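Below is one structure, written out as structure tokens; comments come after it.
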Amino acid sequence: MNTESSSLLVRDIGEQGLLQILQRFCPQEIIGDDAAVIATETGLSLVVTTDVLVDNIHFSEITTSAVDVGWRAAAANLSDLAAMGASPLGITVGLGLPGDVSVSWVEQMYVGMTQCLQQYNTPIVGGDVVRSPVITIAITAFGQAYPQQIIRRHRAQVGDAIIVTGVHGASRAGLELLLHPEKAENLSPEETKALIRAHQRPQPRLDVLPILWQILGSSQLAIAGMDSSDGLADALVQICRASNVGAVVERTQIPFPPAFAHWLTPEQALEYSLYGGEDFELVLCLPKEPADKLVQMLGQGAAAIGEITNGSTVVLRDQKQEFPDQVLSLSQEFQHFG
């Protein structure tokens with residue numbers, strides 16, 4: 001952090017002063033014109049996504065430092081690219097700020113974005129800064145993908161296996177611990193730290209794509225999928241709606257964080273995993289043989305949790321028959337304007 005800016009407010013330096021600071025986070029050969037120019041490879045499709053984060057809706061000073069705000073903002077957009085099967089090229093940042101925000105907070109937010117983006121060689125290639133009554137971060141991410149490798153929600157086929165990466169519910173658990181630290185009494189320091197980190201520093205699953213393409217080779221198999229940023233249940237229902245299919249999901253196969261086993265009741269663990277959101281994992285539907293290979297190659301980093309079926313409902317079943325069947329819906333997770 002620039003020590004000279006530690007006590008400055010945004011209104012003290014104005015738009016041009018702030019832009020001079022933020023341009024340090026961008027490649028000098030790209031910024032400075034009215035728009036960025038990004039080269040794409042021949043034969044690839046351009047993939048574009050936009051995500052908006054608003055203070056006290058998506059983050060707050062209670063749970064998220066400026067560095068973590070930047071990281072989460074970048075990760076959310078990179079996760080959308082991963083969900084489409086695309087490799088990132090760059091992002092632009094639209095920033096709305098009240099004048100009394102400290103310059104150091106803005107700098108630290110850009111540090112967090114940069115830390116996340118550097119893992120994937122992704123630059124900040126431009127953006128805009130405006131006055132706003134509330135901190136608002138609007139990021140547009142650009143990626144590229146071969147047309148035959150683009151992942152779409154509407155391509156699930158009856159008989160496809162449903163694969164999820166990572167664990168689900170960790171981000172929701174981390175948020176709970178940040179809001180209510182006393183609930184960590186039954187957790188080890190390592191478990192607490194891991195759950196909080198899952199909330200503050202999610203990892204977009206771009207690492208899964210090269211493995212997936214290696215398995216599929218030159219085949220033209222259509223892959224359905226999306227990320228689980230709005231919850232695992234949301235992803236399952238959205239894919240099935242788009243594909244005009246149903247699904248059966250095995251309750252015992254949903255991967256929870258290990259700490260859940262001695263910290264939450266089975267009902268709480270299930271609720272966090274299905275409806276907690278912001279895990280930024282991938283939910284993929286593909287034929288059984290390549291699905292099995294994907295799980296094998298990712299090891300404990302992936303699990304087969306169900307199968308695409310005829311019909312229109314997503315049914316959660318318990319192989320042990322300890323719990324009744326449950327139809328999953330979109331009614332329980334967070335909905336804007338709900």
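Predicted model only: the values in this text are computed from it and were never measured.
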Counting N and O atoms only, with roles assigned by atom type, does the side chain of Asn244 sit under 3.5 Å from a partner on the main chain of Cys240, one being a donor and the other an acceptor? no
Can you name the closest pair of heavy atoms from Pro202 and Ala75 and give their distance? O-CB, 3.6 Å
Given 3.5 Å as the limit, does a donor-acceptor pair link the side chain of His180 with the main chain of Glu176, or not? no
If we check side-chain contact (heavy atoms from CB on, under 4.5 Å) with Asp279, which of these qualifies: Ser79, Ser229, Ser171? Ser171
When you compare the side chains of His199 and Thr63, does any donor N or O come within less than 3.5 Å of an acceptor on the partner? no
Answer yes or no: does atom CZ of Arg201 have more than 12 heavy-atom neighbours from other residues, nucleotides or ligands under 6.0 Å? yes
Do the side chain of Ser243 and the main chain of Ile239 share a donor and acceptor less than 3.5 angstrom apart? yes
CG of Asp234 to CG of Leu328: how many Å apart, nearest 0.5 Å? 11.0 Å
What pairs of donor and acceptor atoms, side-chain ones from residues 128-137 against any protein atom, are under 3.5 angstrom apart with sequence neighbours left out?
| from | atom 1 | to | atom 2 | distance (Å) |
| --- | --- | --- | --- | --- |
| Ser132 | OG | Val134 | N | 3.2 |
| Ser132 | OG | Val134 | O | 2.7 |
| Thr136 | OG1 | Val134 | O | 3.3 |

Counting neighbours of CD on Gln119 that are heavy atoms of other residues, nucleotides or ligands and sit closer than 6.0 Å, is the number greater than 12? yes
Answer whether the closest heavy-atom distance between the side chains of Ile150 and Ser45 falls below 4.5 Å. yes
Thr50 side chain near Asp80 side chain, heavy-atom distance below 4.5 Å: no
Check Ala141 against Asn77 and note the closest heavy-atom contact, atom names and distance. CB-CB, 3.8 Å
If two hydrophobic side chains count as joined below 4.5 Å and joins carry through other members, does Val106 share a cluster with Leu19? yes
Can any side-chain N or O of Asp12 pair as donor or acceptor with the backbone N or O of Leu9 at less than 3.5 Å? yes
When you compare the side chains of Glu191 and His262, does any donor N or O come within less than 3.5 Å of an acceptor on the partner? yes
Between Thr49 and Thr140, is there a side-chain heavy-atom distance shorter than 4.5 Å? no
Check: Asp160 side chain, Gln157 main-chain N or O, donor-acceptor pair, under 3.5 Å: yes
Got a sec: does the CZ of Arg241 have more than 12 other heavy atoms crowding it under 6.0 Å? no
Sub-3.5 Å donor-acceptor pair from the side chain of Gln144 to the main-chain atoms of Glu41, do we have one? yes
With rounding to the nearest 0.5 angstrom, report the CZ to CG distance, Arg205 to Leu298. 7.0 Å
Check whether Val314 and Ile254 end up in the same hydrophobic cluster, where Ile, Leu, Val, Met, Phe, Trp and Tyr are linked by side-chain heavy atoms less than 4.5 Å apart. yes
Ala86 and Ala145: which non-hydrogen atoms are nearest, and at how many Å? CA-CB, 3.9 Å
Can you tell me if Glu289 has over 12 outside heavy atoms packed within less than 6.0 Å of its CD? no
Looking at Thr122 and Tyr120, would you say the former's side chain and the latter's main chain have a donor-acceptor pair under 3.5 Å? yes
Between Pro257 and Tyr272, is any pair of side-chain heavy atoms under 4.5 Å apart? no
A side-chain contact here means heavy atoms from C-beta on lying under 4.5 Å apart; do Leu8 and Ser102 qualify? no
Any chance you could pull the hydrophobic cluster mates of Tyr146, using side-chain heavy atoms under 4.5 angstrom and chaining through other members? Leu44
Ignoring hydrogens, what is the shortest heavy-atom contact between Cys285 and Ile308? Give both atom names and the distance. SG-CD1, 3.9 Å
For the CD1 atom of Ile196 and the CG atom of Leu177, what is their distance to the nearest 0.5 Å? 5.5 Å
Would Asp292 and Lys288 satisfy salt bridge (charged side-chain N to carboxylate O under 4.0 Å, His left out), going step by step from the backbone distance to the final call? CA-CA 6 Å; Asp292 289 343; Lys288 190 174 186 307; 2.9 Å; yes
d(Lys183 NZ, Thr192 OG1) to nearest 0.5 Å is 13.0 Å
Checking Met109 against Val67 for the side-chain contact (heavy atoms from CB on, under 4.5 Å) test, could you report, in this order, the C-alpha distance in whole Å, the side-chain angles of both residues, the deciding distance, and whether it holds? CA-CA 5 Å; Met109 189 205 39; Val67 176; over 6 Å; no
Without hydrogens or angle criteria, can the side chains of Glu281 and Thr165 be said to hold a donor-acceptor pair below 3.5 Å? yes
Mind listing the closest non-hydrogen atom pair of Ala302 and Ile163 along with its distance? CB-CG2, 4.3 Å
Charged N-O contact under 4.0 Å between Glu271 and Arg172: no
State, to 0.1 Å, how close Pro123 and Leu89 come at their nearest heavy-atom pair, and which atoms those are. CD-O, 3.2 Å
Let me confirm one number: the CG-CG distance from Leu221 to Leu216, rounded to the nearest 0.5 Å. 6.0 Å
Might you work through the side-chain contact (heavy atoms from CB on, under 4.5 Å) test for Val93 and Ile124, ending with a clear yes or no? CA-CA 7 Å; Val93 183; Ile124 302 172; 4.0 Å; yes
Worked verdict on Asp325 versus Arg317 for side-chain contact (heavy atoms from CB on, under 4.5 Å): CA-CA 5 Å; Asp325 289 356; Arg317 289 186 179 166; 3.3 Å; yes
Does any N or O in the side chain of Gln268 come within less than 3.5 Å of the main-chain N or O of Thr265, such that one atom is a donor and the other an acceptor? yes
Is the side chain of Ser273 donor-acceptor paired with the backbone N or O of Leu270 at a distance under 3.5 Å, no angle test? no
Starting from Met226, can I reach Tyr275 by hopping between I/L/V/M/F/W/Y residues whose side chains sit under 4.5 Å apart? yes
Side-chain heavy atoms nearer than 4.5 Å, only ILVMFWY residues, links allowed to pass through others: does that put Phe280 and Met113 together? no
Heavy-atom side-chain contact between Val125 and Ile38 under 4.5 Å: yes
Please check if the number of heavy atoms outside Glu267 that lie under 6.0 Å from its CD is greater than 12. yes
Output yes when a side-chain donor or acceptor of Trp213 lies under 3.5 Å from a complementary backbone atom of Gln149, and no otherwise. no
Between Leu78 and Leu206, is any pair of side-chain heavy atoms under 4.5 Å apart? yes
Check this for me, if you would: do Arg251 and Glu322 make a salt bridge, where the nitrogen-to-carboxylate-oxygen distance has to be below 4.0 angstrom? no
Look at the aromatic rings of Phe25 and Tyr110 and report parallel, tilted or perpendicular, splitting at 30° and 60°. tilted
Side-chain contact test, heavy atoms from C-beta onward, threshold under 4.5 Å: evaluate it for Leu178 versus Gln200 and give yes or no. yes
After noting the C-alpha distance and the side-chain angles of Ile162 and Leu286, does the key distance pass the side-chain contact (heavy atoms from CB on, under 4.5 Å) rule? CA-CA 7 Å; Ile162 303 171; Leu286 62 164; over 6 Å; no
CZ-NE2 distance between Phe260 and His168, expressed to the nearest 0.5 angstrom: 11.0 Å
Same hydrophobic cluster for Val167 and Ile305, using side-chain heavy-atom links shorter than 4.5 Å among ILVMFWY? no
